[in-house]
Participant: 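Quick one: this structure, given as structure tokens, is what I'll be asking you about.
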Amino acid sequence: MRSKLTGVGDSIFSEMTLAATTHGALNLAQGFPEFGPPDRLRLALAESMRLPVHQYAPMPGLLSLRSGVSNDFSGHPDPVSEVTIVPGATVGIFVAIQAFVHPGDEVVLLEPAYDSYAPAVRLAGGIPVPVPLAFDPLTGFSVDFDRLQSAFSSKTRAILVNTPHNPTGIVWSAADWQKLALIWPSDNALLLSDEVYYTMVFDGSSHVSAWSVEALRHRALVFTSFGKTFHATGWKMGAVIASDALTQEFRKVYQFVAFSAHTPSQHAFSVMFTEHPQFSSTLAAFYEKKRQILLDALHGTGCRALPCAGAYFVVVDTSDWLETDNDRSLAHRMTESAKVASLPLSPFFSSPFSSRLLRLCFAKEDATLREAGERIRMWRNTH
Ligand code: PMP
Ligand code: GLN
């Protein structure tokens, strides 16, 4: 068989979750909450079973849900012409790439990059152009705008940005967006902005969406995920926000991919947005507390946490452990011996990246985070 997608195996998320299950380890590897969705959302889904919401939703989504998304999102996109409901951000990003990237087009990605981006570009016949984030062992990762600019060419069709960023936790400020606008490659280029963690920005800062930047809005497609916002990653639903013109082109392709997303869940999310419009604004404080619990729990383990400004991951530098194996094998050994699963960072890069960095997800119960720190500490102390 001639594979269309060569060099791709099971994702690192599946690999480490399998390892966690096999060894009975705490799973701080895969990014999903250990807790479930709010009661009102669960109840609304149960209630939907008695309502006439079992057939196809309108292709762009229930209007009540699109209005909820619009109210929740800065800049309030028009629910009719600028918001589309999709079965998860992964689908939204995939469809956008199929809709806009032509064979031979280049798509600039910042690495470490989420695993679905490059395969989606390749399947469209496009060429992923990876640009590494700058890395400083003390201050962590940051965008190097000179490097970004040098990756632009006349073939650049899209730039894929993720803020807050998985796995590094960096967030784009208004000044960062302005820098991007200043070096923008051409009128032909689009901005694909993965903002699935938009509700999780810490330390008093706020999320700055590409949609709120005047100079970029008309070129941008923004992706959100209700899975992240409502602790319901398994419900697979999210929204794509873009100008009327880009939305029309996006929907043209989307109607042949899924046509529409699960109607009862759309109803439930719509109830949640309507009755609890403040819910998403509580998440930053909720997760900031968990970030602190994890950071406290890591004291005495000998690993050093890099700054985390957003999303629900902390990256730790384990160089001081002086182990000789690579991050992937270290993550496996820690899963087996300490019974704590983490995610190595190297699979987020297309070329070898040799730092000894592990990602820990803190969307877990407080007791789990404390226990994880304790287990790592004991493991290190018996080394
Ligand atoms: N983008 C990033 C950066 C993610 O971390 C995830 C996480 N799962 C997704 C997209 C996919 O979101 P969804 O589950 O809604 O497809
Ligand atoms: N986004 C999640 C993470 O980063 C995992 C998603 C998946 O398993 N595909 O861990």
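Atoms within a ligand are numbered from 1 in the order they appear, just like the ligands themselves. Here the structure is a predicted model, which means the values were calculated and not measured. Heavy-atom basis, side chains included; hydrogens, waters and symmetry copies ignored.
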Participant: Would you please indicate yes or no on a ring centroid separation below 6.0 angstrom for Phe230 and Phe279?
Facilitator: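 Ring-ring flag for Phe279/Phe230: true, centres closer than 6.0 Å.
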Participant: Which of the numbered atoms in ligand 1 are under 4.0 angstrom from any heavy atom belonging to Asn166?
Facilitator: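 So the answer, numbered in order with elements, is 3 (C), 4 (C), 5 (O).
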Participant: Side chain or backbone, does Tyr117 bring an N or O within less than 3.5 Å of an N or O on ligand 1?
Facilitator: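 Looking only at distances, the answer is no, because the N/O contact criterion of under 3.5 Å is not met.
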Participant: Looking only at protein heavy atoms, which one is nearest to atom 12 (O) of ligand 1, and what is the separation?
Facilitator: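 Answer, as residue, atom name and distance: Ala89 CB, 3.5 Å.
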Participant: Under 3.5 Å, N or O to N or O, is Thr233 touching ligand 1 that way?
Facilitator: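 No, Thr233 has no N/O under 3.5 Å of an N/O on ligand 1.
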Participant: Please work out, at 4.0 Å between heavy atoms, whether the side chain, the backbone, both, or neither of Tyr114 comes within that distance of ligand 2.
Facilitator: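 It is the side chain that touches ligand 2; the backbone stays farther off.
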Participant: For ligand 2, find out whether one of its N or O atoms is nearer than 3.5 Å to an N or O atom of Gln30.
Facilitator: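 Yes; the residue has a nitrogen or oxygen that sits under 3.5 Å from a nitrogen or oxygen of the ligand.
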Participant: Would Asn166 and Tyr312 count as having a side-chain donor-acceptor pair, cut-off 3.5 Å?
Facilitator: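 The answer is no; no qualifying pair exists.
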Participant: Nearest protein heavy-atom contact for atom 14 (O) of ligand 1: which residue, which atom, what distance?
Facilitator: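 Here the nearest protein heavy atom works out to Lys236 NZ, 3.0 Å.
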Participant: Looking only at heavy atoms, is any part of Arg359 under 4.0 Å from ligand 2, and if so is it the side chain, the backbone, or both, or is it neither?
Facilitator: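 Side chain only.
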Participant: Could you check atom 2 (C) of ligand 2 against the protein and tell me its nearest heavy-atom contact, residue, atom and distance included?
Facilitator: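 Nearest protein contact, heavy atoms only, for atom 2 (C) of ligand 2 is Gly31 O, 3.6 Å.
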Participant: Considering non-hydrogen atoms of the protein only, which is the closest contact for atom 5 (O) of ligand 1, and what is the distance?
Facilitator: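 Answer, as residue, atom name and distance: Tyr197 OH, 2.6 Å.
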Participant: N/O of Asn162 under 3.5 Å from N/O of ligand 1, yes or no?
Facilitator: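 N/O-N/O distance under 3.5 Å: no.
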Participant: Just heavy atoms, cut-off under 4.0 Å: does Asn166 contact ligand 2 by side chain, backbone, both, or neither?
Facilitator: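 Side chain only.
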Participant: So which of Phe13, Phe313, Tyr197 gets nearest to atom 5 (C) of ligand 2, if we judge by its closest heavy atom?
Facilitator: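 The option holding the nearest heavy atom is Phe13.
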Participant: At their closest point, which heavy atom of His267 faces which heavy atom of Ser48, and how far apart are they?
Facilitator: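 Between these two residues, the closest heavy atoms are CD2-CB, 3.5 Å.
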Participant: Do you know the tightest heavy-atom contact between Glu106 and Ala151?
Facilitator: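 So the two residues come closest at OE1-O, 4.4 Å.
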Participant: Using distance alone, with no hydrogens and no angle criterion, decide if Asp327 and Ser355 have a side-chain donor and acceptor under 3.5 Å apart.
Facilitator: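 No, Ser355 and Asp327 have no side-chain donor paired with an acceptor closer than 3.5 Å.
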Participant: Quick check on contacts: which atoms of ligand 1 are under 4.0 angstrom from a heavy atom of Gly88?
Facilitator: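 Those qualifying, in numeric order: 15 (O), 16 (O).
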Participant: Evaluate Met237 for polar contact with ligand 1, using N/O atom pairs at a separation under 3.5 Å.
Facilitator: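 The answer is no, given that Met237 and ligand 1 share no N or O pair closer than 3.5 Å.
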Participant: What about the rings of Phe273 and Phe226, do their centers lie closer together than 6.0 Å?
Facilitator: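 Distance test on ring centres: under 6.0 Å, yes.
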Participant: Does the distance from a Lys or Arg side-chain N to an Asp or Glu carboxylate O, for Glu336 and Arg333, drop under 4.0 Å?
Facilitator: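 No, this pair does not count.
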Participant: Give a yes/no verdict on whether any heavy atom in Lys228 is under 4.0 Å from an atom of ligand 1.
Facilitator: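 It does; at least one heavy atom falls under 4.0 Å.
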Participant: Given the side-chain rings of Phe348 and Tyr117, with only the six-membered ring counted for Trp, is the space between their centroids under 6.0 Å?
Facilitator: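 No, the ring centres sit 6.0 Å or more apart.
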Participant: In terms of residue, atom name and distance, what is the protein heavy atom nearest to atom 2 (C) of ligand 1?
Facilitator: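 Among all protein heavy atoms, the one nearest atom 2 (C) of ligand 1 is Asp194 OD2, 3.3 Å.
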Participant: Grab the two heavy atoms, one from Ser206 and one from Val201, that are nearest each other, plus how far apart they are.
Facilitator: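 Result for this residue pair: C-CG1, 3.9 Å.
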Participant: Look at atom 11 (C) of ligand 1 and say which protein heavy atom is nearest, naming residue and atom and giving the distance to 0.1 Å.
Facilitator: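 Result for atom 11 (C) of ligand 1: Thr90 OG1, 3.2 Å.
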Participant: Quick check for you: to the nearest 0.5 Å, what is the distance between Leu369 atom CG and Leu360 atom CG?
Facilitator: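 CG of Leu360 is found 9.0 Å from CG of Leu369.
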Participant: If two hydrophobic side chains count as joined below 4.5 Å and joins carry through other members, does Phe269 share a cluster with Phe32?
Facilitator: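 Phe269 and Phe32: separate clusters.
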